[in-house]
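Single-structure report; data block below.
In the text below, chain A, chain B and the rest are named by the order of the sequence lines, each starting its count at 1. Values reported hereafter were calculated over all heavy atoms of this structure, with side chains retained and with hydrogens, waters and symmetry mates removed.
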Amino acid sequence: MPELPEVETVRDGLERHVVGRRVTGVEVRRPASIRRHLGGAADLTGRLVGREFTAAVRRGKFLWLPLGAPESDDALLAHLGMSGQLLVRADPAEGGDHRHLRVRLLLDDGGALDFVDQRTFGHLAVVDLEPTADGRPGGAGSAAALVPGPAAHIARDLLDPALDREALARALRRKRTVVKRALLDQTLMSGVGNIYADEGLWRARVHPEHPTPDLTAEQAHRVLDGVTEVMRDALRQGGTSFDALYVNVNGASGYFDRSLAVYGQGGRACPRCGAPVVREKFMNRSSHFCPVCQPR
DNA sequence: CCATAATCCTGTACGC
DNA sequence: TGCGTACAGGATTATG
């Protein structure tokens with residue numbers, strides 16, 4: 001499924017192949033996929049046709065394409081959810097009959113941008129851009145200090161060059177909760193999901209339910225560094241599966257198969273010490289950790 | 001401020 | 001073989 005590194009790979013692909021294109025038509029095949037666009041399919045179409053994509057920006061797992069020509073502070077916002085893909089088609093004859101094609105944008109170069117989403121947890125919407133709280137650029141790919149309204153409350157992510165890591169480490173330790181829950185709190189830092197939380201904590205040798213107020217400054221930085229590194233590693237691998245014409249979101253084949261130390265490895269040997277990896281229920285999902293390397 | 005549960009959805013993997 | 005069920009997951013909203 002698309003996580004922050006896969007979304008960044010998509011952003012990069014959109015920057016290369018879609019920025020500068022103008023929308024000539026919109027097909028909404030599954031209204032649920034635009035449920036967050038107030039006004040429905042007709043309004044979405046009206047706000048897109050004739051407009052040009054001027055950039056490709058990402059913060060956490062939110063992705064947006066600011067719209068220009070005519071200039072206005074709005075953007076096409078995308079969240080891929082669990083199964084979303086944005087696929088660039090050189091020829092609309094390709095992919096038009098895909099089972100899970102939800103929204104198709106026709107472009108002025110004769111191609112198309114397809115939103116494919118099996119489970120429809122993702123969505124597209126045209127939304128207004130707002131100034132960020134700190135007045136600094138929005139995130140990867142951004143030149144302007146503007147973010148989409150629905151993503152305005154999302155914190156910077158761990159790969160954002162403008163992130164203040166010292167301040168984040170302090171904020172992490174101020175939280176009155178446990179460390180994994182804090183990692184998943186998008187208002188504290190964005191882009192971390194279940195997989196990277198588990199993998200990052202394993203790298204940092206910290207138990208998922210370690211209370212945040214009990215973290216030492218050194219531990220807090222180790223946790224942030226662990227999550228950052230695992231996402232950087234994944235991004236490197238995600239980048240390799242990128243194809244010029246096909247904006248790949250195939251996180252499963254690019255990354256999941258190989259480098260996971262604990263996620264989904266319940267019962268198997270910890271790559272560091274050989275102890276069986278534990279899988280536990282946590283927050284209505286699963287936590288995976290090594291009981292020896294990550295003592296409670 | 002923090003925690004929990006419900007909500008959205010569908011393909012896959014089970015047990016019987 | 002087929003049927004039912006649990007599960008996977010992020011973001012949002014409501015409620016305690």
- Message: Between A:Glu27 and A:Thr45, is the side chain to side chain contact (heavy atoms under 4.5 Å, CB included) condition met? List the steps.
- Response: CA-CA 8 Å; A:Glu27 293 173 28; A:Thr45 303; over 6 Å; no

- Item | Distance, rounded to the nearest Å, where A:Phe121 contributes CZ and C:dT13 contributes P | 15 Å

- Task: State, with a plain yes or no, whether a side-chain heavy atom of A:His100 is found less than 4.5 Å away from one of A:Asp117.
- Result: no

- Go through A:Leu63 and A:Leu86 one step at a time and tell me if the side chain to side chain contact (heavy atoms under 4.5 Å, CB included) criterion holds. CA-CA 11 Å; A:Leu63 181 63; A:Leu86 282 167; 3.9 Å; yes

- Query: Of all the nucleotides listed (C:dT12, B:dA3, B:dC2), which has the minimum atom distance to the side chain of A:Ile154?
  - Reply: C:dT12

- Between B:dA3, C:dG10, B:dG11, which nucleotide gets closest to the side-chain atoms of A:His100? B:dG11

- Message: Quick check on B:dC1: is either OP1 or OP2 less than 4.0 Å from any side-chain nitrogen or oxygen of A:Lys175?
- Response: no

- A:Arg35 side chain N/O closer than 4.0 Å to the phosphate oxygens (OP1, OP2) of B:dT7? no

- Message: How many whole angstroms separate atom CG of A:Asp117 from atom P of C:dG10?
- Response: 14 Å

- Item | NZ or CZ of A:Arg272 within 45° of A:Trp202 ring axis and under 6.0 Å | yes

- Query: Distance check: side-chain N/O of A:Lys281 vs OP1/OP2 of C:dA8, anything under 4.0 Å?
  - Reply: yes

- Query: Mapping A:His153 and A:Asn284 onto DNA chain C by nearest heavy atom, which one lands closer to the 5' end?
  - Reply: A:Asn284

- Item | Lys/Arg-Asp/Glu bridge criterion (N-O < 4.0 Å) met for A:Arg232, A:Glu229 | no

- Closest to the side chain of A:Arg30, out of B:dC9, B:dC2, C:dG10, is B:dC9

- For A:Arg99 and B:dG11, is the shortest distance between a side-chain N/O and OP1 or OP2 below 4.0 Å? yes

- Message: Side chain of A:Arg279 only, heavy atoms from C-beta on: which candidate in C:dC7, B:dC2, C:dG10 is closest?
- Response: C:dC7

- Does C:dA11 have OP1 or OP2 sitting under 4.0 Å from an N or O in the side chain of A:Gln186? yes

Output a table of donor-acceptor pairs, distance under 3.5 Å, between side-chain atoms of residues 289-296 of chain A and any protein atom two or more places apart or on a different chain; print 'none' if there are none.
| unit_1 | atom_1 | unit_2 | atom_2 | d |
| --- | --- | --- | --- | --- |
| A:Gln294 | OE1 | A:Cys290 | N | 2.8 |
| A:Gln294 | NE2 | A:Leu201 | O | 3.4 |
| A:Gln294 | NE2 | A:Val206 | O | 2.9 |
| A:Arg296 | NH2 | A:Glu280 | OE2 | 3.3 |

- With sugar-phosphate meaning primed atoms plus P, OP1 and OP2, does A:Gly81 contact a base, only sugar-phosphate, or nothing at under 4.0 Å between heavy atoms? nothing

- Message: Tell me if the side-chain of A:Arg119 makes a donor-acceptor pair with the base of C:dA8, cut-off 3.5 Å, by modelled atom types.
- Response: yes

- Task: Taking only the side-chain nitrogens and oxygens of A:Ser286, find out if one of them lies under 4.0 Å from OP1 or OP2 of C:dC7.
- Result: no

- Query: Considering only side-chain heavy atoms of A:His79, which listed nucleotide, C:dA11, B:dT4, B:dC9, is closest?
  - Reply: C:dA11

- Please give, in whole Å, the distance from C:dG10 P to A:Phe282 CZ? 12 Å

- For atom CE of A:Met82 and atom C1' of C:dA11, their distance in whole Å: 11 Å

- Heavy atoms under 4.0 Å, any strand shown: does A:Ser83 hit a base, just sugar-phosphate, or nothing? nothing

- Task: Round to the nearest Å and state the distance from A:Asp185 atom CG to B:dA3 atom P.
- Result: 9 Å

- Do any side-chain nitrogens or oxygens of A:Arg36 fall under 4.0 Å of OP1 or OP2 in B:dC8? no

- Query: A:Arg102 side chain: which of C:dG10, C:dT12, B:dT10 is closest?
  - Reply: B:dT10

- Message: Without decimals, in angstroms, what is the distance between A:Arg181 CZ and B:dC1 P?
- Response: 16 Å

- Query: How would you label the contact of A:Arg285 with the nucleic acid (heavy atoms, under 4.0 Å): base, sugar-phosphate, or nothing?
  - Reply: base

